[in-house]
> 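Mind looking over this structure? Questions follow.
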Number of protein chains: 2
Amino acid sequence: MLELAILGFLFEAPLHGYELRKRIAALTGHIKPVAEGSLYPAVKRLEKAGLLTRETRPGAGAAPRHVLSLTAAGRAELRRRLAEPAETDITDENRWFTLLAFLRHLEAPRAQAAVLERRLAFLSEPASFFYSGDRPLRAEEMDDPFRRGVLLIARATSRAELAWLRGTLAELRAG
Amino acid sequence: MLELAILGFLFEAPLHGYELRKRIAALTGHIKPVAEGSLYPAVKRLEKAGLLTRETRPGAGAAPRHVLSLTAAGRAELRRRLAEPAETDITDENRWFTLLAFLRHLEAPRAQAAVLERRLAFLSEPASFFYSGDRPLRAEEMDDPFRRGVLLIARATSRAELAWLRGTLAELRAG
DNA sequence: CAACAATACATCGACTTCGATGTATTGCAA
DNA sequence: TTGCAATACATCGAAGTCGATGTATTGTTG
């Protein structure tokens with residue numbers, strides 16, 4: 001998720017680490033903040049893998065700025081990660097939202113639609129957080145108000161997302 | 001999140017590891033599966049901390065069952081984690097849902113309400129995933145259909161949850 | 001003019017998690 | 001009857017993440 005965000009932001013423009021950090025904080029920081037101690041090693045990993053390059057410039061600030069840019073391999077890798085997301089990128093909302101934030105960089109509408117369809121399939125499966133034997137329980141069946149809340153909120157999210165998915169898929173197909 | 005689920009399920013009844021694994025999978029597995037390689041070390045940690053005990057019984061299955069039970073300290077620790085959740089337990093939906101699944105074990109309605117109020121405060125803050133300068137952007141302002149989707153879905157979730165929170169808080173206060 | 005926040009890096013050890021692998025038994029289906 | 005799925009543990013190394021800490025400069029505010 002962190003790496004996807006780094007690749008996604010750098011795809012849009014070269015940035016130095018501090019700016020990248022601020023953009024990631026704006027994107028997902030209110031939900032799940034990313035520590036600096038995670039960001040710099042992640043940048044290093046991607047650099048080592050040849051996905052980005054670092055150019056040192058005598059900075060306006062204190063330390064010299066390291067401007068980070070994606071390489072051709074890095075741009076290809078972003079597109080690959082967007083086109084072939086892992087299962088948890090589809091199911092985990094945090095990851096899914098991060099993916100959606102950069103899905104525009106996947107140029108082919110067909111490929112974009114294919115990703116949305118995976119999410120559609122996931123949301124269409126009968127699933128719950130709570131079961132009676134094998135049967136998923138509905139909100140109305142829960143006595144516990146807190147567990148009922150989980151199901152009510154999940155249902156509202158699911159409905160809104162299914163409506164949006166169907167509409168957007170129709171638009172993508174129309175062209 | 002994993003530790004909270006372990007404490008939560010064992011609070012309800014003593015279980016052996018395999019059963020615990022299945023319950024955790026049912027609760028959150030469709031969204032974010034937990035590897036066995038995470039579960040057993042987590043159980044060990046909690047055991048070492050004196051929060052649970054392990055009783056070996058000649059099992060019906062292959063290996064002998066290790067029945068896990070919470071100690072008094074373990075029960076107290078669950079209540080403490082429910083009453084004083086970390087900030088990300090409030091903001092991250094995965095963690096928040098796990099917390100809600102066990103919030104009934106916090107006996108005092110006052111304490112339950114206090115936790116819901118923290119979530120209410122978080123959801124009431126003006127926040128977005130996307131900004132123009134400092135100003136959070138609304139769904140209607142987004143050109144990118146995917147980013148618009150993120151905001152539309154988040155808004156639907158937020159509305160449903162706020163309605164549920166207000167209703168449940170009223171009930172808790174009414175007694 | 002002193003203190004502090006913000007800018008701009010970076011590292012380190014501790015801890016957590018993951019994926020792979022291993023052991024052994026029961027029961028069912030091909 | 002052979003093999004596979006399910007039951008029921010468990011470990012190990014690799015990798016990732018976090019929180020704390022450190023350095024140095026600029027700009028702002030009291």
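This one's a predicted model, so the numbers in the text were calculated from it and none came from an experiment. Convention: sequence-line order gives letters A, B, ...; per-chain numbering from 1.
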> When you measure from the side chain of E3(B), which nucleotide among dA10(C), dC9(C), dT16(C) comes out closest?
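Per side-chain heavy atoms of E3(B), the pick is dT16(C).
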> Hey, is the main chain of V34(A) close enough, under 3.5 Å, to the side chain of S38(A) for a donor-acceptor pair?
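Not confirmed, S38(A) side chain does not pair with V34(A) backbone.
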> Just by modelled atom types, is the P136(B) backbone N or O under 3.5 Å from a matching donor or acceptor in the S128(B) side chain?
no
> Starting at CD of E36(A) and ending at C1' of dC12(C), how long is that distance when rounded to a whole Å?
14 Å
> I want to check one thing: is the phosphate of dT11(D), taken as OP1 and OP2, less than 4.0 Å away from some side-chain N or O of K44(B)?
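So the side-chain polar atoms of K44(B) do come within 4.0 Å of the phosphate oxygens OP1 or OP2 of dT11(D), strictly under.
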> Which nucleotide wins on minimum distance to the side chain of A35(B), given the candidates dA10(C), dA10(D), dG19(C)?
dG19(C)
> Which part of the nucleic acid does R45(A) contact within heavy-atom distance under 4.0 Å: base, sugar-phosphate only, or nothing?
sugar-phosphate
> Nearest whole Å is fine: how far is dT17(C) C1' from R95(A) CZ?
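My rounded result for the distance is 12 Å.
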> Touch check for G17(B), heavy atoms < 4.0 angstrom, all strands: base, sugar-phosphate only, or nothing?
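Counting heavy atoms under 4.0 Å across all strands, the contact made by G17(B) is with sugar-phosphate only.
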> When you check the phosphate oxygens OP1 and OP2 of dT16(C), does a side-chain N or O of S38(B) lie under 4.0 Å from one of them?
no
> Quick one: K32(A) NZ to dG16(D) P, roughly how many Å, whole number?
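Spelled out: NZ on K32(A) to P on dG16(D) is 15 Å.
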> Both conditions, 6.0 Å and 45 degrees, for the charged tip of R147(B) above the ring of F102(A): are they met here?
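That pair qualifies as a cation-pi contact.
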> To the nearest angstrom, how far is L2(B) atom CG from dT17(D) atom P?
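Atom-to-atom, L2(B) to dT17(D), this comes out as 17 Å.
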> What class does the angle between the rings of F129(B) and H30(A) fall in, given that below 30° is parallel, 30 to 60° is tilted and above 60° is perpendicular?
perpendicular
> To the nearest angstrom, how far is Y40(A) atom OH from dC18(D) atom P?
15 Å
> Between H16(B) and dA8(D), is there a side-chain N or O to OP1/OP2 distance below 4.0 Å?
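H16(B) to dA8(D) OP1/OP2: side-chain N or O found under 4.0 Å.
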> Round to a whole Å and report the spacing from CD of E87(A) to C1' of dG19(C).
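Rounding to the nearest Å, CD of E87(A) and C1' of dG19(C) are 17 Å apart.
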> May I have the distance from L39(B) (atom CG) to dG19(C) (atom C1'), rounded to whole angstrom?
15 Å
> Calculate, to the nearest 0.5 Å, the distance between atoms CZ and CD belonging to F122(A) and E161(A) respectively.
9.0 Å
> Name the residue closer to the 5' end of DNA chain D, choosing between K22(B) and P41(B) according to the nucleotide with the nearest heavy atom.
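With K22(B) and P41(B) compared, the 5'-side residue is K22(B).
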> Rounded to whole angstrom units, what separation is found between the CZ atom of R21(B) and the P atom of dC18(C)?
12 Å
